Number of protein chains: 2
Amino acid sequence: MTKVGIKEIAAKANVSTATVSYVLNGTRNVRPKTKERVLKVIEELNYRPNDIAKSLKSRRTNTIGVIAEDVTVFNVPEIIDGINEYADEHDLHIILTNLRLHRRVGHNYSNVDAYRKYAESAVSDLLSKQVEGIVYIGVHPRDVTGLVNTYGKPIVYTYCYTDQDVSIQYNDEQASFDAMQYLVDRGHKRIAIISGLMDSTPSRLRFNGYYKAVTEFQLPFNPQYIKIGDWGIDSGYQLTKELLSLPEPPTAVLVMNDVMAVGTLRAAAECGFQIPRDLSVVGFDNREFSDYLNPRITTMDLPLHEMGYSSMNILTGLINETEVKQEVQPLCKLLERESVAPPRQE
Amino acid sequence: MTKVGIKEIAAKANVSTATVSYVLNGTRNVRPKTKERVLKVIEELNYRPNDIAKSLKSRRTNTIGVIAEDVTVFNVPEIIDGINEYADEHDLHIILTNLRLHRRVGHNYSNVDAYRKYAESAVSDLLSKQVEGIVYIGVHPRDVTGLVNTYGKPIVYTYCYTDQDVSIQYNDEQASFDAMQYLVDRGHKRIAIISGLMDSTPSRLRFNGYYKAVTEFQLPFNPQYIKIGDWGIDSGYQLTKELLSLPEPPTAVLVMNDVMAVGTLRAAAECGFQIPRDLSVVGFDNREFSDYLNPRITTMDLPLHEMGYSSMNILTGLINETEVKQEVQPLCKLLERESVAPPRQE
DNA sequence: CGAAATTATGAAAGCGCATCCAAGAATCAG
DNA sequence: CTGATTCTTGGATGCGCTTTCATAATTTCG
């Protein structure tokens with residue numbers, strides 16, 4: 001099985017290498033007879049074009065670099081899947097770089113400097129590989145402004161915020177507002193919120209959505225209904241306990257991720273609050289387990305697939321310098337399940 | 001920002017392109033003075049080597065193709081992470097192809113022919129990209145013998161079985177036996193099993209482990225304790241109900257995945273069985289949610305990361321034709337949590 | 001039927017780099 | 001100081017392909 005190239009094909013088919021190239025790529029008209037002859041030899045010799053050589057000459061690799069901060073984090077695979085769908089449709093290849101931040105710098109991603117070196121080295125490798133653009137997938141929707149220099153190659157960030165480059169992120173504020181509206185529609189007025197850490201942009205945006213709803217729907221604004229968690233299960237548990245021991249506990253709580261909502265469920269059970277009868281709960285993220293809990297949690301589904309797909313769409317626009325499409329911000333969608341009911345009559 | 005190559009460097013540093021190449025790769029001694037001069041120009045011109053050209057000439061791409069049947073399935077990201085760890089350590093790159101079987105052929109992967117074309121096209125693309133080897137990640141640990149022809153390039157399968165090529169899979173039988181041993185050690189004798197579909201190799205292997213334990217520990221063998229589920233939550237629910245309505249219900253049940261175990265929990269709650277007091281449960285897979293349930297499920301953790309890492313290790317051995325290492329079969333590890341207790345005195 | 005228009009093919013250059021072959025510069029032994 | 005030895009550098013080739021420029025084959029049509 002010796003290496004067979006365009007040259008061998010040409011020789012055996014009695015044509016020039018140019019002709020072989022033309023039939024291979026359909027770049028130029030070739031007489032049907034000649035074409036057939038070449039094709040036959042290609043078949044016989046089981047020829048497979050060498051994309052490396054092709055790329056060197058044509059200066060196109062049809063390859064996109066994808067940098068994921070950590071593929072093991074729940075949101076990432078679905079985003080990658082969206083990227084893949086686009087790639088399949090457009091005959092693009094994906095080189096995946098997994099920064100493995102989780103393992104390398106732990107869970108504190110707030111200090112961008114701590115992992116910039118990994119990101120930069122990843123970008124550098126990708127540029128050497130001649131990718132035509134880069135998609136950067138964060139694991140927390142936080143601010144990564146000025147993270148890496150791509151030396152002119154287009155880059156699109158997703159699942160994180162940046163103001164120097166393009167970034168695709170769902171509408172956090174809207175999602176939060178929508179959840180509130182859903183609760184209000186069912187008659188709730190005393191609605192608490194368990195937020196994530198406030199150093200995170202989406203926490204602030206989601207809080208904005210909450211506050212906007214409070215104002216717009218003229219809900220009672222009770223500072224004690226506002227709790228700041230740390231995204232972890234224990235803080236959900238702890239803060240829910242605080243909420244439920246209030247003289248006038250809320251009838252519903254908006255929890256900024258499903259993990260904390262698990263804590264909420266536990267706390268409610270311990271305090272003798274039945275969900276949703278005594279307390280309605282809306283989560284965020286639509287984690288798989290939210291459907292396995294008892295009750296099944298009503299939660300905000302994130303448009304992850306769309307974010308991946310859309311990132312690629314924008315990116316290829318940048319690459320080909322075609323008309324920059326109007327970016328439509330992907331929207332979250334509330335998944336109705338069992339953790340919300342109207343408030344009890346008092 | 002015009003393209004700068006080795007040639008421009010050479011010109012500006014007053015050396016030949018050969019010399020530049022030598023300092024770049026350290027392939028040959030270069031006088032420190034010359035070296036420094038070249039390095040300085042490289043710095044100044046912000047030169048970045050072109051891996052495409054490099055690969056064409058050197059005939060090495062340092063690139064491994066990874067084919068995942070579906071990246072959104074729970075086991076895959078962790079395997080990829082293991083692959084990445086190895087790749088990082090050995091300066092290898094990963095081209096990821098996501099077959100997206102989930103979306104393209106639904107959940108029935110038993111008919112290999114249904115998706116062979118996708119696999120073959122993926123392999124073909126990867127070979128054109130001149131990958132040095134391929135890792136194939138299944139989503140069900142099933143038999144994929146003879147799936148694709150790689151035309152001589154090494155391929156390693158993981159999370160699936162094949163007997164024509166190398167495949168890395170954890171020891172299913174052992175895992176099942178270990179779980180049984182754990183239960184027996186705590187005093188259980190009447191142990192039921194809820195298996196997955198029997199068309200799957202691991203189901204059979206795990207059943208073997210169960211049966212081996214029954215024999216070895218001289219447990220009562222009750223055919224009614226053997227239930228065949230379909231991996232889904234409902235079947236776990238249904239079969240547990242059947243188990244619990246037996247005249248002499250089991251004191252423990254080994255459930256072949258955590259999803260079905262969720263059904264077990266629900267059924268037990270409905271039947272007034274308290275877990276673990278009235279029924280001990282051991283799951284499989286260590287899904288994230290198994291730690292969020294009430295009680296937290298004791299489950300078999302799969303060595304996914306190790307499988308990825310190990311696959312790469314074996315694969316690079318194949319590529320470099322070094323001594324083929326003795327394959328050590330990765331082992332599952334029981335995660336003790338709250339769903340197992342000694343049986344009640346009767 | 002023959003010249004012009006059209007279509008099909010080839011020869012060769014070169015993408016950016018690694019590396020072989022040879023030669024020049026520096027160093028050393030005596 | 002000279003020839004032998006070692007260290008350092010360059011010229012040139014080619015990896016497998018695309019593409020330009022030029023030429024040959026075929027068709028069109030007056």
Side-chain angles (χ1 to χ4, degrees), chain A residues 1-39 41-42 45-63 93 124-132 151, chain B residues 1-39 41-42 45-63 124-125 127-132 151:
Chain A
M1 205 168 107
T2 164
K3 210 68 204 168
V4 31
I6 212 181
K7 215 160 139 190
E8 283 73 29
I9 305 292
K12 192 150 184 210
N14 243 1
V15 293
S16 73
T17 61
T19 304
V20 178
S21 174
Y22 293 132
V23 343
L24 236 26
N25 302 299
T27 332
R28 207 160 69 173
N29 262 2
V30 175
R31 196 176 354 149
K33 226 173 150 179
T34 321
K35 190 170 180 172
E36 201 182 340
R37 187 154 34 101
V38 172
L39 251 19
V41 177
I42 286 177
L45 267 49
N46 193 19
Y47 166 78
R48 188 182 309 284
N50 181 330
D51 280 353
I52 296 290
K54 202 165 172 161
S55 293
L56 179 60
K57 182 64 191 172
S58 66
R59 309 173 106 344
R60 291 223 69 178
T61 57
N62 291 326
T63 302
H93 284 253
S124 180
D125 285 354
L126 254 17
L127 293 183
S128 283
K129 282 269 178 191
Q130 309 300 115
V131 298
E132 301 188 0
Y151 302 93
Chain B
M1 208 167 108
T2 164
K3 211 67 203 169
V4 32
I6 213 182
K7 214 159 140 189
E8 283 72 30
I9 305 292
K12 193 151 183 209
N14 243 0
V15 292
S16 73
T17 61
T19 303
V20 177
S21 174
Y22 292 132
V23 344
L24 235 26
N25 301 300
T27 331
R28 207 158 70 171
N29 260 2
V30 175
R31 201 185 338 160
K33 227 171 149 177
T34 320
K35 189 171 182 173
E36 201 182 341
R37 187 153 35 101
V38 172
L39 252 19
V41 177
I42 286 177
L45 266 50
N46 193 21
Y47 166 77
R48 190 181 309 282
N50 181 331
D51 280 352
I52 296 290
K54 206 163 167 161
S55 291
L56 179 59
K57 181 63 191 172
S58 65
R59 312 172 104 349
R60 294 223 64 177
T61 56
N62 292 325
T63 302
S124 180
D125 285 354
L127 293 183
S128 283
K129 282 271 179 191
Q130 309 299 115
V131 298
E132 302 187 0
Y151 302 93

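Because the structure is a prediction, the values reported are computed rather than measured. Chain identifiers are assigned alphabetically (A, B, ...) following the order of the sequence lines, protein sequences preceding nucleic acid strands; residue numbering begins at 1 within each chain.
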Closest listed nucleotide, where the reference is the side chain of [X] and the choices are [options]:
{"X": "Arg59(A)", "options": "dC21(D), dT19(D), dG16(C)", "answer": "dG16(C)"}
{"X": "Ser58(A)", "options": "dG16(C), dC17(C), dT18(D)", "answer": "dT18(D)"}
{"X": "Lys54(B)", "options": "dG14(C), dG10(C), dC17(C)", "answer": "dC17(C)"}
{"X": "Ser16(A)", "options": "dA11(C), dC17(C), dG11(D)", "answer": "dA11(C)"}
{"X": "Ala18(B)", "options": "dA18(C), dG11(D), dT9(D)", "answer": "dG11(D)"}
{"X": "Asn50(B)", "options": "dG10(C), dA8(C), dG16(C)", "answer": "dG16(C)"}
{"X": "Pro49(B)", "options": "dC17(D), dG16(D), dC17(C)", "answer": "dC17(C)"}
{"X": "Thr27(A)", "options": "dT19(D), dT18(D), dG10(C)", "answer": "dT19(D)"}

Next item on the list: Between Lys35(B) and Ala53(B), name the one whose nearest nucleotide on DNA chain D is closer to the 5' end.
Entry: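 Closer to the 5' end of DNA chain D: Lys35(B).
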Item checked: Pro32(B) vs Gly5(A), nearer the 5' end of DNA chain D by closest nucleotide ->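 The residue mapped nearer the 5' terminus is Pro32(B).
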Item checked: Minimum side-chain heavy-atom gap Leu24(A)-Ile42(A) below 4.5 Å ->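 A side-chain contact under 4.5 Å exists here.
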Notebook entry, point to check: Can you check whether Thr63(B) reaches Lys129(B) side chain to side chain, under 4.5 Å on heavy atoms?
Noted result: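 No; the side chains remain at least 4.5 Å from each other.
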About how many Å separate [atom2] of [Y] and [atom1] of [X], when rounded to the nearest 0.5 Å?
{"X": "Arg31(B)", "Y": "Thr19(B)", "atom1": "CZ", "atom2": "OG1", "value": "10.5 Å"}
{"X": "Leu45(A)", "Y": "Lys12(A)", "atom1": "CG", "atom2": "NZ", "value": "5.0 Å"}
{"X": "Asp51(A)", "Y": "Thr61(B)", "atom1": "CG", "atom2": "OG1", "value": "11.5 Å"}

[X] has an atom [atom1]; how far is it from atom [atom2] of [N], in whole Å?
{"X": "Lys7(A)", "N": "dC15(D)", "atom1": "NZ", "atom2": "C1'", "result": "10 Å"}
{"X": "Lys33(B)", "N": "dA26(C)", "atom1": "NZ", "atom2": "P", "result": "10 Å"}
{"X": "Ile6(A)", "N": "dG14(D)", "atom1": "CD1", "atom2": "P", "result": "18 Å"}
{"X": "Leu56(B)", "N": "dA18(C)", "atom1": "CG", "atom2": "P", "result": "11 Å"}
{"X": "Gln130(A)", "N": "dC15(C)", "atom1": "CD", "atom2": "C1'", "result": "11 Å"}
{"X": "Asn62(A)", "N": "dC17(D)", "atom1": "CG", "atom2": "C1'", "result": "15 Å"}
{"X": "Asn14(B)", "N": "dG11(D)", "atom1": "CG", "atom2": "P", "result": "11 Å"}
{"X": "Arg48(A)", "N": "dC17(D)", "atom1": "CZ", "atom2": "C1'", "result": "17 Å"}

Has the side chain of [X] got a donor or acceptor atom sitting under 3.5 Å from an opposite partner on the base of [N]?
{"X": "Tyr22(A)", "N": "dT7(C)", "result": "no"}
{"X": "Tyr47(B)", "N": "dC17(C)", "result": "no"}
{"X": "Arg28(A)", "N": "dG10(C)", "result": "yes"}

Are any of [X]'s side-chain N or O atoms less than 4.0 Å away from OP1 or OP2 of [N]?
{"X": "Thr34(B)", "N": "dT8(D)", "answer": "no"}
{"X": "Thr19(A)", "N": "dG10(C)", "answer": "yes"}
{"X": "Asn29(A)", "N": "dA8(C)", "answer": "yes"}
{"X": "Arg31(B)", "N": "dT9(D)", "answer": "yes"}
{"X": "Ser21(A)", "N": "dC17(D)", "answer": "no"}

Pick base, sugar-phosphate or nothing for [X], based on heavy-atom distances below 4.0 Å to the nucleic acid.
{"X": "Val30(B)", "answer": "sugar-phosphate"}
{"X": "Val15(A)", "answer": "sugar-phosphate"}
{"X": "Asp51(B)", "answer": "nothing"}

Note to self: Tell me which one of Ile9(A), Val41(A), Asn46(A) satisfies side-chain contact (heavy atoms from CB on, under 4.5 Å) with Val4(A).
What the structure shows: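 Running side-chain contact (heavy atoms from CB on, under 4.5 Å) over Ile9(A), Val41(A), Asn46(A) with Val4(A) returns exactly one hit, Ile9(A).
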Next item on the list: For the residue pair Lys54(A) and Ser128(B), confirm or rule out a side-chain donor-acceptor distance under 3.5 Å.
Entry: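 Absent: no donor and acceptor within the cut-off.
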